[in-house]
A.B. asks: 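Could you have a look at this structure, given as structure tokens, before my questions?
In this chain, residues are counted from 1 in sequence order.
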Amino acid sequence: MKFTCLSRGGGFHFPACHIVNVCGFRILFDCPMDLSALSIFSPVPTGCDAEVDVKVSDFQDSSSSSSESVARKRQKIDKPLDVNDLIYAVPWYKTVNNLHLWNVSFIDIVLISSPMGMLGLPFLTRMKGFSAKIYVTEVTARLGQLMMEELVSMHMEFRQFYGPEGSSFPHWMSWEELELLPSALREVVLGKDGTELGAWVPLYSAADVTDCTQKVQTLRYAEETCYNGTLIIKAFSSGLEIGTCNWTINGPKRDVAFISNSIFLPAHAMKFDYHSLQSNDIILYSDFSSLDAMENVEDDDGFSIPSTDSMSTLSTDNNNNWEESVESLIYTDESLEEQEKLSYLCYCAIDSLKVGGSVLISINRLGTLLQLLEQISASLESSTLKVPIYVISSIAEELLAYTNVIPEWLCKEQQEKLFSGEPLFSHVELIKDKKLHVFPAVHSPKLLTNWQEPCIVFAPHWSLRLGPVVHFLRRWCGDPNSLLVLESRLDAELALLPFKPMAMKVLQCSFLSGIKLQKVQPLLKILQPKIVLLPEDLRQRTRFTNANSFCVIHYSENASIRIPSLKESSELEIATDLALQFQWRNLKHENMNVTRLKGELSVYHGKQRLLSGSEQAKSSKIRPLLHWGSPDLEKLLNILSNIGINGSVEQCMGNDESEKACIVHVHEPKKALIEIGTSTIISAGDENLASKIFEAIDKVLEGI
């Protein structure tokens, strides 16, 4: 088995990407793209921007490179960033750079763990030679499709403003222009090592999205599918979002579990089903979220370690107590901390509304969006404020409606609402009571007639470069009473650059995006694998004692690791009629019995079977096809003599003087020659005589 980490990703919106070779099949885990890189582009300029015409022509006209212009650009490199440093052009999108080094025709399977891990999939499916089987859960497939359609719709605004691109290679990607970019922007484009320019591609079309979604095979949780009769693939809930999953792959020689970003007790999604990942040979641990927010303390040597390192001292003498301790640690209520964050967010929102400001929320997490709608509406009720809530997105109506028809993908608490006759989510009642208003775009006629300020607006995109959020930011950026809510992973300084001077209050929120660092070790102890692959970044932050029953292998980005086979042999089911034909022979030197079989080998559902062939043996006696060893000359001459064959032995040295070669001359009934060395060769003019000599040698040698 061979494992390669193509990208460690970057948080919730940019999951990690790996490729694994299992039983000769190449499996790609997730195909995301880095939408945070859109921050290097300017949003679509408004008509009031005085410098728009200058900037657009500067990037579209490759011939405008006068010495004064170049000198002016060079002076900007060392200056603090300003809005003029951004790229004014139709954005390109940054994909997983290392994935472009692979021949997509060699990929056999693609496993998608989340809607975010699906956003780059159309780039693959539209490539010539791509024929891999794509597996994804039903909900992730639908949510991923909606997210891709929304991205294409928002991107269209750039197309309408800048017009069609003049060439396949935009001017801003020329090396002369890249060298003139400020270092912060140049690092986003080229990466820290300067090798990521090839990761940038133009966005796919709506037709590409449709073609991509038609090629996926959807699964339910724990539903079994078999690839090529060899690999059994299943998806199990990861708890990160509704429909997100981890994977198990069962093959003839190894069982593999893949753990992506996971949450033990989410608010709405089905909880992390880690019990279904137990007793696998290998665990590929791909949750990098703990590296983004770690609670570290300094030890005596001065390097950073987790504050929960005491977990390594858990006693294993009493298995029951140990398991109870681990279970209690894993089921620490994470939702309480998340609830406090949302409560504080609601408090800040109400505070802004009370002084006449509006609230703009640009968070593209479905679970968080559903929670905020519930909590903010409850906060408004308790505060007696009559403020409308708007959700403005081209997919909002369909997305909210979809969440009410998938109860089997939700946690038990949400499912109980269904049986009690309540709506699964509060937005149903909010829309009915006209407290929540859903519109596809900022220019919707109904929105213009319904508009009221102050208000609360949920609008994409979280990058602050696309979609309705740009319009509202330009409207409220100068209002000190208004509030903007962002996610913490976003570089706020760069993201807000086009909207400066920024008087608007900004609240950046960090939401739980995976397994906390202190829970990695107890989780692995429960799962009991034989080998665990962990990110290299966790080497110093997670300590494992010698008492662990598994081996830990650390991996780094763009480095391949070969994992040894854990099974020396494979299991083979043999048909009963074939088993009845066994003719055992004892190997004297090896102290074992062997037999020879003839049948048809079948591999189905990950199991190897030997079935009866169309040709059956015509006699009960099967002549051995393979012999080993060197015949005893004295015994051989005695057996030949008993069947009327007389011969004599002639000994001579081999060509290299290192081995003896013996020759037996057969004199009667007819002449023949038996050469005995590293192999035994019978030379006879009479076929019947040769057959008798062979039978004599068969009685002397071991064979099957």
A.B. asks: For a 4.5 angstrom cut-off between non-hydrogen side-chain atoms, does L494 reach L81?
C.D. replies: yes

A.B. asks: What heavy-atom pair brings N364 and E487 nearest, and what distance separates the two atoms?
C.D. replies: N-OE2, 3.9 Å

A.B. asks: Fit a plane to each ring of F158 and H155, take the angle between them on a 0 to 90° scale, and name the class: parallel (under 30°), tilted (30 to 60°) or perpendicular (over 60°).
C.D. replies: tilted

A.B. asks: Under 3.5 Å, is there a donor on one side chain and an acceptor on the other for S238 and S260?
C.D. replies: no

A.B. asks: Provide the closest heavy-atom pair for M127 versus V104 in the form atom of the first, atom of the second, distance.
C.D. replies: SD-CG1, 3.9 Å

A.B. asks: We want to know whether S114 and N261 form a side-chain donor-acceptor pair, criterion being a heavy-atom distance below 3.5 angstrom.
C.D. replies: no

A.B. asks: Assign the ring pair F264 / Y274 to parallel, tilted or perpendicular, where the plane angle (0 to 90°) is split at 30° and 60°.
C.D. replies: perpendicular

A.B. asks: Any chance you could lay out the side-chain contact (heavy atoms from CB on, under 4.5 Å) test for H461 and S362, step after step, and finish with the verdict?
C.D. replies: CA-CA 6 Å; H461 184 263; S362 185; 5.7 Å; no

A.B. asks: Tell me if a side-chain donor or acceptor on Q414 pairs with a main-chain N or O of L424 at a distance below 3.5 Å.
C.D. replies: yes

A.B. asks: Is the Lys NZ or Arg CZ of R365 less than 6.0 Å from the centre of F12's six-membered ring, within 45° of the axis?
C.D. replies: yes

A.B. asks: Return yes if some donor-acceptor pair links the side-chain N/O of T4 with the main-chain N/O of L6 below 3.5 Å, else return no.
C.D. replies: no

A.B. asks: Could you tell me if the side chain of C31 sits less than 4.5 Å from the side chain of V96, heavy atoms only?
C.D. replies: no

A.B. asks: Please tell me if the side chains of Q518 and V520 come closer than 4.5 Å, counting only heavy atoms from C-beta onward.
C.D. replies: no

A.B. asks: Looking only at atom types and distance, does a side-chain atom of S513 sit under 3.5 Å from a main-chain N or O of F511, one as donor and one as acceptor?
C.D. replies: yes

A.B. asks: Just do the side chain to side chain donor-acceptor pair (under 3.5 Å) check on T95 and H100 with the steps written out, would you?
C.D. replies: CA-CA 9 Å; T95 59; H100 293 271; 2.7 Å; yes

A.B. asks: Here's a test for you: under ring pair (Phe, Tyr, Trp, His ring centres under 6.0 Å), which of W102, Y555, W247, F29 qualifies with H18?
C.D. replies: Y555

A.B. asks: Quick one: does N404's side chain have a donor or acceptor within less than 3.5 Å of a partner on A401's backbone?
C.D. replies: no

A.B. asks: Sub-3.5 Å donor-acceptor pair from the side chain of D287 to the main-chain atoms of I515, do we have one?
C.D. replies: yes

A.B. asks: Of T140, L146, V139, which meets side-chain contact (heavy atoms from CB on, under 4.5 Å) against P115?
C.D. replies: T140

A.B. asks: Could you walk me through whether K271 and S237 pass the side chain to side chain donor-acceptor pair (under 3.5 Å) test, one step at a time?
C.D. replies: CA-CA 7 Å; K271 66 182 182 181; S237 174; over 6 Å; no

A.B. asks: When you measure from the side chain of Q508 to the backbone of L490, do you find a donor-acceptor pair of N or O atoms at a distance under 3.5 Å?
C.D. replies: yes

A.B. asks: Determine whether V359 and C348 satisfy the following criterion, side-chain contact (heavy atoms from CB on, under 4.5 Å), listing intermediate values before the conclusion.
C.D. replies: CA-CA 9 Å; V359 180; C348 294; over 6 Å; no

A.B. asks: For the residue pair F425 and H268, does the interplanar ring angle fall in the parallel (under 30°), tilted (30 to 60°) or perpendicular (over 60°) class?
C.D. replies: perpendicular

A.B. asks: Looking only at atom types and distance, does a side-chain atom of R465 sit under 3.5 Å from a main-chain N or O of A495, one as donor and one as acceptor?
C.D. replies: yes

A.B. asks: Taking the ring centre of each residue, are H437 and Y390 less than 6.0 Å apart?
C.D. replies: yes

A.B. asks: Any donor-acceptor pair under 3.5 Å linking the side chain of R220 with the backbone of T137?
C.D. replies: no

A.B. asks: Applying side-chain contact (heavy atoms from CB on, under 4.5 Å) to I259 and L527, what does each step give before you reach the verdict?
C.D. replies: CA-CA 11 Å; I259 299 180; L527 298 183; 3.7 Å; yes

A.B. asks: Could you report the tightest heavy-atom contact between S510 and K341, atom names first, then the distance?
C.D. replies: O-NZ, 2.5 Å

A.B. asks: For S113 and D30, test the side chains for any donor-to-acceptor distance below 3.5 angstrom and give the result as yes or no.
C.D. replies: yes

A.B. asks: Flag yes if more than 12 heavy atoms outside E397 fall under 6.0 Å of its CD atom; otherwise flag no.
C.D. replies: no

A.B. asks: Grab the two heavy atoms, one from P266 and one from A269, that are nearest each other, plus how far apart they are.
C.D. replies: CG-O, 3.2 Å

A.B. asks: What do you reckon, is CD of E157 surrounded by more than 12 foreign heavy atoms closer than 6.0 Å?
C.D. replies: no

A.B. asks: Determine yes or no for a side-chain-to-main-chain donor-acceptor pair under 3.5 angstrom, with E557 supplying the side chain and C5 the backbone.
C.D. replies: no

A.B. asks: Would you please test L484 and W476 for side-chain contact (heavy atoms from CB on, under 4.5 Å) and show each step?
C.D. replies: CA-CA 9 Å; L484 170 65; W476 292 326; over 6 Å; no

A.B. asks: Would a 4.5 Å heavy-atom cut-off, applied to side chains only, mark L497 and L86 as touching?
C.D. replies: yes

A.B. asks: So, S482 versus S358: side-chain donor-acceptor pair below 3.5 Å or not?
C.D. replies: no

A.B. asks: Take D537 and H554 through the side chain to side chain donor-acceptor pair (under 3.5 Å) test and state the conclusion after the steps.
C.D. replies: CA-CA 8 Å; D537 298 330; H554 293 90; over 6 Å; no

A.B. asks: Have E149 and S394 got a donor and an acceptor in their side chains that come within less than 3.5 Å?
C.D. replies: no

A.B. asks: Looking only at heavy atoms, what is the nearest atom pair of G191 and K94, with distance?
C.D. replies: N-NZ, 4.4 Å

A.B. asks: Around atom CD of E493, are there more than 12 heavy atoms from other residues, nucleotides or ligands closer than 6.0 Å?
C.D. replies: no

A.B. asks: Any side-chain to backbone donor/acceptor pair from E196 onto V189? Under 3.5 Å, distance only.
C.D. replies: no

A.B. asks: If I compare all heavy atoms of L464 with all of P43, which pair ends up nearest, and what's the gap?
C.D. replies: O-CG, 4.0 Å

A.B. asks: Determine whether D211 and K215 make a side-chain contact, defined as any pair of heavy atoms from C-beta on separated by less than 4.5 Å.
C.D. replies: yes

